[in-house]
Amino acid sequence: MFPAIYGLRGWQRNIVAFLLGVSATFTLAPFYIFPLIIPAYAGLFLLVNNTSSRKRSFADGWWWGWGFYISGLYWFCIALLTDAEKFAWAIPFALFGLNAIIALYPAIACLIFFVLFRGRKTTGSNRLLPIIHCLGFSLVWLFVEYARGHLFSGFPWNLAGYAFGFIDVSLQSASIFGAYGLTLFAVLLGVSVAIIRTNRIFTGVVWGVFFLVLVYGYFRLENSQEGKDSGSVLRLVQADIKQHHKWNPDLQQQNLEEYIKLTQSVGIEKVTHVVWPETAVPYALRSDTPLTRYIGAALPSGISLVTGTLRMEGWKETAEYYNSVVMINNRGQIIGNYDKHALVPFGEFLPFRFLIPKSLKLPVGDKDFSTGEGAQTVNWAGIPPVSPLICYEGIFPEFAVNKSHRPDWLLNITNDAW
């Protein structure tokens, strides 16, 4: 099937693999063009399953991955433009160089598949071999994607399973299989189409399961408790403060007052809790201080604030800093906190800092953030049990909840000012 694809050679084959990777990006947010899982994964499978060398299988996976990550991680460059004078020079290295490194993951997946299934004789009848190869390719892909999410601090961004976000109904099976289970299924759905001419029944069964997933999702939503009155009414506040203004000492008080002004706007009498984003309070908070009392005094009686902030323990040289979510009551007391534990490399901590001379000026400061205890379900006054997540933590499936104490809802606060 599709000899025009797997019969390609040289630069033409590289370009096709690259474009297939780009098409995989369009299966994800914000596009959610779900049918593109077919060319994205069936196309790559056909390339690798019909090559005769390890080198070529590795190259097919790498070109596919380079296209996928360049188109899906272009936002690296936007972050670097926040302070363009200092960091714009790094854009080509981030866009092409860093993504070339991350593209090694699909390249390794294709190489492993070739070695295990194409590089040696596989037992089974000729009719079963395509099915074995489809299943093998999907399982190897899952294994390598899981490694990507855990090695070197992990970066499970844009898993194939996120394509199921095109409709709420299709996402419900994540309650059973999780993000990695959906990743396996998304790849298998696409790859199964590659052998439809010789194995129609297998392809039909795989897509039939997809139909059952939709049915399950429909009935799960129909019978859910969504919309049940918990007695909590949230006001989400976003002040749209630019990143280069966020930490400007001359603007910090003005920024805080902008959040307070938005908090107190029309309708506050219907609210029980106000939520501000990550590091909305640009100071290190301690409970029952002039600052927290000032914030608390801005809250009407009976209303609490959930906000992102820096949190400090200790003093001066012994101080430890946390990127935190805290709840403040209208008396200015911090009545609950959650500390971020999945820190951003080179943003919130510097790997191998001990190897770098102290005389060298570093972009992340002289001290790393401290890590929190891990995924937590917190029971804060007046709201159902919640699992807080701060920005980067939201991409790690295993960090979403404490499995021994599952929450009723998730709260992800993020600083997307850049």
Side-chain angles (χ1 to χ4, degrees), residues 1-6 8 13 15-50 60-61 63-74 103 106 109-110 113 130-131 133-142 145 156-174 176-218 220-221:
M1 188 177 180
F2 305 141
I5 292 180
Y6 58 74
L8 292 171
R13 187 181 181 106
I15 290 175
V16 167
F18 182 91
L19 294 177
L20 291 173
V22 172
S23 71
T25 298
F26 284 88
T27 68
L28 307 173
F31 309 101
Y32 285 128
I33 308 175
F34 189 76
L36 286 179
I37 64 169
I38 297 173
Y41 298 103
L44 178 61
F45 172 76
L46 286 169
L47 287 174
V48 179
N49 200 45
N50 290 277
D60 288 339
W63 281 100
W64 187 99
W66 205 38
F68 180 60
Y69 291 118
I70 284 178
S71 56
L73 298 178
Y74 68 90
C110 291
F113 167 75
I131 296 175
H133 287 177
C134 279
L135 293 172
F137 184 88
S138 303
L139 287 169
V140 169
W141 194 272
L142 172 65
E145 284 292 80
W157 192 273
N158 285 358
L159 295 173
Y162 296 153
F164 286 95
F166 75 96
I167 188 173
D168 288 347
V169 165
S170 64
L171 271 179
Q172 299 310 304
S173 57
I176 302 173
F177 304 111
Y180 287 108
L182 293 188
T183 293
L184 172 67
F185 191 37
V187 175
L188 183 59
L189 280 169
V191 170
S192 68
V193 178
I195 62 170
I196 190 171
R197 286 189 179 180
T198 57
N199 298 84
R200 291 186 179 87
I201 294 176
F202 174 76
T203 304
V205 167
V206 172
W207 282 87
V209 172
F210 175 63
F211 173 76
L212 293 177
V213 163
L214 298 180
V215 172
Y216 165 77
Y218 172 79
R220 186 171 190 267
L221 289 177

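What you are looking at is a predicted structure, and each value in this text was computed from that prediction instead of being measured.
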So, do [X] and [Y] sit near enough that their side-chain heavy atoms are less than 4.5 Å apart?
| X | Y | value |
| --- | --- | --- |
| Phe31 | Leu36 | no |
| Gln172 | Tyr218 | no |
| Phe202 | Leu135 | yes |
| Val187 | Phe45 | no |
| Phe185 | Val209 | yes |

> Which residues pass the ring-ring contact (aromatic ring centres under 6.0 Å, His included) test with Phe68, sequence neighbours left out?
Replying inline: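 Residues passing ring-ring contact (aromatic ring centres under 6.0 Å, His included) with Phe68: Trp64.
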>> Suppose we screen for ring-ring contact (aromatic ring centres under 6.0 Å, His included). Which residues come up paired with Tyr74, at least two apart in sequence or across chains?
In response: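 Expected list: none.
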Atom of [X], atom of [Y] and distance for their closest heavy-atom approach:
| X | Y | value |
| --- | --- | --- |
| Leu28 | Leu159 | CD2-O, 3.7 Å |
| Ile37 | Ala186 | CD1-O, 3.8 Å |
| Gly65 | Ala103 | C-CB, 3.6 Å |
| Arg13 | Val48 | NH2-N, 4.4 Å |
| Ala160 | Tyr41 | CB-OH, 3.3 Å |
| Gly61 | Cys110 | CA-SG, 3.5 Å |

>> Could you go through Tyr216 and Ile176, starting from their C-alpha distance and side-chain angles, then the distance that decides it, and tell me whether this counts as side chain to side chain contact (heavy atoms under 4.5 Å, CB included)?
In response: CA-CA 11 Å; Tyr216 165 77; Ile176 302 173; 3.6 Å; yes
Would you give the length of the straight line joining atom [atom1] of [X] to atom [atom2] of [Y], rounded to the nearest 0.5 angstrom?
| X | Y | atom1 | atom2 | result |
| --- | --- | --- | --- | --- |
| Leu184 | Leu142 | CG | CG | 5.0 Å |
| Leu212 | Ser173 | CG | OG | 11.0 Å |
| Leu47 | Leu8 | CG | CG | 7.5 Å |
| Leu182 | Leu189 | CG | CG | 10.0 Å |
| Thr203 | Arg197 | OG1 | CZ | 12.0 Å |

> Can Phe137 and Asn49 be said to form a side chain to side chain contact (heavy atoms under 4.5 Å, CB included), step by step?
Replying inline: CA-CA 9 Å; Phe137 184 88; Asn49 200 45; over 6 Å; no
> Excluding sequence neighbours, so at least two apart, what forms side chain to side chain donor-acceptor pair (under 3.5 Å) with Thr183?
Replying inline: none
>> So, using side chain to side chain donor-acceptor pair (under 3.5 Å) as the criterion, who are the partners of Tyr69 when residues are at least two apart?
In response: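 Tyr69: side chain to side chain donor-acceptor pair (under 3.5 Å) contacts with Arg148.
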>> Check this for me: Ile201, atom CD1, are more than 12 non-hydrogen atoms of other residues, nucleotides or ligands nearer than 6.0 Å?
In response: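 No, CD1 of Ile201 has 12 or fewer neighbouring heavy atoms, counting only those of other groups under 6.0 Å.
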>> Please enumerate all residues that pass side-chain contact (heavy atoms from CB on, under 4.5 Å) together with Ser71, with sequence neighbours excluded.
In response: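 Only Val22, Thr25 meet the side-chain contact (heavy atoms from CB on, under 4.5 Å) criterion with Ser71.
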> Taking the six-membered ring for Trp, is the centroid-to-centroid distance between Phe211 and Trp207 below 6.0 Å?
Replying inline: no
> Any donor and acceptor pair, going by atom type alone, linking the side chain of Ser170 with main-chain N or O of Leu214 inside 3.5 Å?
Replying inline: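 Between the backbone of Leu214 and the side chain of Ser170 there is no qualifying donor-acceptor contact (under 3.5 Å).
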> So, Asn50 side chain and Leu46 main chain: donor-acceptor pair closer than 3.5 Å or not?
Replying inline: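 Yes.
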Show every donor-acceptor pair shorter than 3.5 Å between a side-chain atom in residues 161-169 and any protein atom, with sequence neighbours excluded, or say none if there are none.
none

